[in-house]
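Just follow the structure's listing: the first ligand is 1, and inside any ligand the first atom is 1. Hydrogens, waters and symmetry mates play no part in the numbers below; they use all other heavy atoms, side chains included.
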Amino acid sequence: MNGYGDRLLRVDLSIGKISKETISDSMKSDFLGGRGFAVKILWDEVKNVDPLSDKNKLIFAVGPLSGQLLPSAGKMVVASKSPLTGGYGDGNIGTMASVHLKKAGYDAVVLEGKSPKPCYVLIEDENIQILDASDLWGKNSFEAQDLLEKKHGKNSGVLLIGPGGENLIRFATVMSQKGRAGGRPGMGAVMGSKNVKALVIKGTGNVSNFDDARLRDLGKKGYDEIKGKENYEFWMKQGTMQAFEWSNENGCLPTYNFREGVFEFSKEMDGYVVEKLHAGRKGCPMCNMQCGHIIKDASDQQAELDYENIGMLGPNIGIRSLPQAGTLNRLADEWGLDTISLGSSIGFLMEASEKGLIPEKVPWGDFEWAQKLIVEIGKGEGLGKLVSQGVKAAAEKIGKGSEKWAMHVKGLEASAYNCHACPGMALAFGTCSIGAHHKDAWIIAWEIATDRFSYDKRKVEKLIEFQRVRGGFFESATVCRLPWVEVSFGLHWYPVYLEAITGEKRSWEDLYQMGDRVLNLIRAYWKREVPSFGRKWDYPPDRWFEEPQSEGKVKGMKVDREKYEQMLSWYYELRGWDQNGIPTRETLENLGLKEVAREIG
Ligand code: SF4
């Protein structure tokens, strides 16, 4: 099919076997690419295995839009059975590796088995090699990126792990280009468990699109439209950090381990401070909305900021200085640790210390402690060992009610939105397909702008609409959602792009159905892999139900548990799932997943 390489590259690391397989037409039309390919491969091939064993597989997948000269299309998906949650795990990463993989003519790479010694995989079009990485092992992700670029040239796509992944820290990510990260639920740990330090990809071919000239023209029009948008100029000044002030004003800024939603020092680190300290910008390939803002950090080095990492490594742990939060973020990237889970883990330890549940005194906002903890977490040593499997496991260890303020869903730490007074966003976290992440549905802006405090069915319908577009389509296409979310880039462009790429007309209705197929298969995967999976896995942390915030304009508010139950029940009904949250046979069969229905029976 046009727009695809039509091939899957399989690398068995245990025996050094490399094979290339054809991707079927039905796979492409039913699952599109990216996340869709990843979950289909996991469903078919990774069943009841320990996520850190050689039986697990790590999948890198692109979609028909990836790597094309289209707005923000430099993304790929990395997915596996998650060592953090035990269920489906993935993330998207903006990287030159997506462009090179397309040019090399592959839609997916599957790493399986385990290399007997540290290695990296070199993909140069048809030439695939498993190479020794003993000189790279132990290097941080920035150092290793430099070494690999020195060896293979700057014009290569590099995906790699830091020491966090090598040490099997369960929220280690896959890194690229000193600052791009993906795979929050431990995809870096899976890579480390296979003794793979990096993938280096160099593709020189061309993607065979249905109508290249039209695609170029449509792409140019898309870039121009984005540049002409009302919010574009402001976006370029602040990027995602524009959300910092908004979040604080609305009582949603994660503060002191999500206990509060406003931070008394927010003015010292919001988007306007970013503007003042601005020292450059970074981002993903193919994007004219580059959202990584560079500042000089507290160690006089360059650090890249965005809202999530500054929210979690700033107010959430009581840090009140943007350069200090920048340093923590850079350290996290060097170690290859997910910044959101890391901020949640440090916040958890600081709260445990405050409550006297651990002997160490770890004060809120202590920059020295925060740096020390990142290193300890990256090594899985000292106090860091307690949270190196995530806050869910840490709370299970220390008990004493700490599970109520271990801020996660399904074992994945919540990203940077306090939901005491945002029931729709709480449900978005509760039902996101990898745990408490905002990527499937960032409903919070819509919710606050419309009927914030309601628990009505319309909100649930809106949530499902967002999940279809973001979690279903964007993740499978594979393309960044931010042009649509942040500058209102029209959704009508995407079916038109797809048609110019593949030659096939697909309406949004078709794409919604494809998205539902992907999301239902992910749900079925959870059911199959996690014996206790069901309704009780779809709740946000108790803190948001039980402990109201003490400050700000939503002071005194918390999520109403009974009304949340009602929303969750509507959600299941609208999705065609039973009241335990499991897709019904009819729903799966309607999506063409008859075999899946039989298996989860
Ligand atoms: S908007 Fe930001 S995250 Fe999205 S593609 Fe551009 S640089 Fe990457």
Peer 1: Find all atoms of ligand 1 within a distance of less than 4.0 Å from any non-hydrogen atom belonging to Cys287, and give their numbers and elements.
Peer 2: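 The list of qualifying atoms is 1 (S), 5 (S), 6 (Fe), 7 (S).
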Peer 1: Tell me, please: is Lys282 in heavy-atom contact with ligand 1, that is, under 4.0 Å?
Peer 2: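 Heavy atoms of Lys282 never come under 4.0 Å of ligand 1.
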Peer 1: Under 3.5 Å, is there a donor-acceptor pair between the Asn248 and Ser266 side chains?
Peer 2: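 Short answer, yes.
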Peer 1: Tell me, which protein residue and heavy-atom name are nearest atom 2 (Fe) of ligand 1, and how many Å apart are they?
Peer 2: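 Residue, atom and distance for the closest contact: Cys291 SG, 2.3 Å.
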Peer 1: Run the side chain to side chain contact (heavy atoms under 4.5 Å, CB included) check on Val77 and Lys75 step by step: do they pass?
Peer 2: CA-CA 7 Å; Val77 162; Lys75 293 270 188 181; over 6 Å; no
Peer 1: Please name the residue in the list Arg281, Arg180, Lys178 that meets the salt bridge (charged side-chain N to carboxylate O under 4.0 Å, His left out) test with Glu304.
Peer 2: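 It is Arg180; the other options fail the test.
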Peer 1: Mark up the atoms of ligand 1 that fall under 4.0 Å of a heavy atom belonging to Lys75, in ascending order.
Peer 2: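 Numbered from 1, ligand 1 contributes 3 (S).
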Peer 1: Tell me, which protein residue and heavy-atom name are nearest atom 4 (Fe) of ligand 1, and how many Å apart are they?
Peer 2: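 The protein heavy atom lying closest is Cys480 SG, 2.4 Å.
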Peer 1: Please tell me whether Gln467 and Tyr512 have a donor and an acceptor in their side chains that are separated by less than 3.5 angstrom.
Peer 2: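 No, no side-chain donor-acceptor contact under 3.5 Å.
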Peer 1: Assign the ring pair Tyr497 / Tyr494 to parallel, tilted or perpendicular, where the plane angle (0 to 90°) is split at 30° and 60°.
Peer 2: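 Perpendicular, since the angle between the ring planes exceeds 60°.
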Peer 1: Check the surroundings of atom NZ in Lys439: do more than 12 heavy atoms from other residues, nucleotides or ligands lie under 6.0 Å from it?
Peer 2: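 Above 12, so yes.
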Peer 1: Can you tell me if Ser72 contacts ligand 1 (heavy atom of the residue under 4.0 Å from the ligand)?
Peer 2: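 Yes; Ser72 lies near enough to ligand 1 that a heavy-atom distance drops under 4.0 Å.
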Peer 1: Identify the closest protein heavy atom to atom 8 (Fe) of ligand 1: which residue and atom is it, and at what distance?
Peer 2: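 Looking only at protein heavy atoms, the one closest to atom 8 (Fe) of ligand 1 is Cys284 SG, 2.3 Å.
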